Structures are given as structure tokens and as C-alpha cells.
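In this text, all values refer to a predicted model and were calculated from it rather than measured experimentally.
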Amino acid sequence: MLAYLDALIAALAARDMMEIDRLITHPLARILPPDVRDEATVFLSGHADPLAAPLRAMRLRHQTAELLREVPEVADRPSVEPAAQPLAARRPGRESHVAVRSAQGAGLAQMELSLSA
């Protein structure tokens, strides 16, 4: 789908009427949202502003890419267990202890680095 959207955006930006017509009649075009299809037909008809960019198609491409980037949680995937007790929890001081508790409560792992003086 991303390759199709990339080709459609390139054809719309270049005002390549033959390529736009080919892509609009492609089977993947039937799943395009109406606003993207309308935008493509405006470009195809030649009534689009010469400086107009195919923003609706670009937005759809961005949304599709973001959805494909998300990785759902899988039951088979091993979960990351935080260390038994981080170094900051062994230090005295209320601030570091509170920060460690809030990080542990959120399920975040914290890496401690020693600072040289």
C-alpha cells in the first residue's frame, strides 16, 4: 500500500495525467478514502492550483506508515523484567527513592551510570 501511495503522490506532484489515471483505476484505489480520491480527480481534471500539493494523499501515506510501524504486544514475546533493586534505590535520599519508585511503577527500566569526580 505504501508503494502505491508513493507512486500516487509522485504522479500527483508531477501532474502526470496518464499515471494518475492508471493509479486511480488500479484495484487499490477502491480502498482510498473519498477525500483522497476527490483530490486525485481534481488533479486529473486539471483544475488544481499549479502550486497545490497532494496533501490529503500525503497525510494518508503518513498515517498508513505510522500504523504499520506500531508493533502489537504478542503473548509469545518475553517480557523485560526490571532489575531486582536498582542502584538508586540503595542510595540514601528521598528524591532518588521516589524517582525509582515512580519508574518501577510505570514499568520502566532505569540504567545507572557512575559519575567520575
Side-chain angles (χ1 to χ4, degrees):
M1 183 66 177
L2 288 178
Y4 171 78
L5 290 173
D6 287 338
L8 180 62
I9 290 168
L12 291 171
R15 307 294 199 272
D16 185 353
M17 300 305 172
M18 290 178 54
E19 184 68 6
I20 294 171
D21 187 46
R22 185 185 74 79
L23 291 169
I24 290 300
T25 58
H26 191 277
L28 283 175
R30 70 174 186 255
I31 61 174
L32 290 175
D35 61 335
V36 175
R37 248 182 278 127
D38 294 342
E39 180 181 54
T41 55
V42 168
F43 275 78
L44 187 60
S45 69
H47 296 308
D49 184 357
L51 299 176
L55 295 179
R56 290 181 178 95
M58 289 177 176
R59 182 177 31 188
L60 176 64
R61 196 246 182 252
H62 175 72
Q63 290 171 342
T64 305
E66 287 295 314
L67 287 173
L68 291 174
R69 243 182 254 146
E70 289 183 10
V71 179
E73 282 298 319
V74 180
D76 300 345
R77 189 175 301 152
S79 62
V80 177
E81 295 292 327
Q85 191 175 29
L87 182 62
R90 290 183 239 142
R91 286 188 198 149
R94 180 165 168 69
E95 296 81 21
S96 63
H97 189 65
V98 171
V100 169
R101 277 194 182 163
S102 65
Q104 286 175 346
L108 302 173
Q110 180 177 348
M111 186 170 110
E112 296 287 331
L113 300 175
S114 61
L115 298 175
S116 59

Residues R22, E19; criterion side chain to side chain contact (heavy atoms under 4.5 Å, CB included); working and verdict: CA-CA 5 Å; R22 185 185 74 79; E19 184 68 6; 2.8 Å; yes
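Between the CG atom in L12 and the CE atom in M17 there is a gap of 9.0 Å [rounded to 0.5 Å]. With rounding to the nearest 0.5 Å, the separation of CG in L2 from OG1 in T64 is 6.0 Å.
For residues 28-47, no residue pair satisfies the ring pair (Phe, Tyr, Trp, His ring centres under 6.0 Å) rule, not counting sequence neighbours.
Across all non-hydrogen atoms, the minimal contact from I24 to A40 is CD1-CB, 3.3 Å. The two residues A13 and P54 come nearest to each other via the heavy atoms N-CG, 4.3 Å.
Hydrophobic cluster of L55: the remaining members, joined at side-chain heavy-atom separations below 4.5 Å, are I9, M58, listed by chain and number. By the 4.5 Å side-chain criterion applied to Ile, Leu, Val, Met, Phe, Trp and Tyr, L51 is assigned to no cluster and stands alone.
Following chains of ILVMFWY side-chain contacts shorter than 4.5 Å, one can reach L60 starting from I31, so the two form part of one hydrophobic cluster. With hydrophobic clusters built from ILVMFWY side chains whose heavy atoms lie under 4.5 angstrom apart, L44 shares a cluster with L23.
Partner of M1 under the side-chain contact (heavy atoms from CB on, under 4.5 Å) criterion, chosen from L32, D6, L67, L68: L32.
When atom types are taken as modelled, the side chain of E39 and the backbone of R56 share a donor-acceptor pair closer than 3.5 angstrom.
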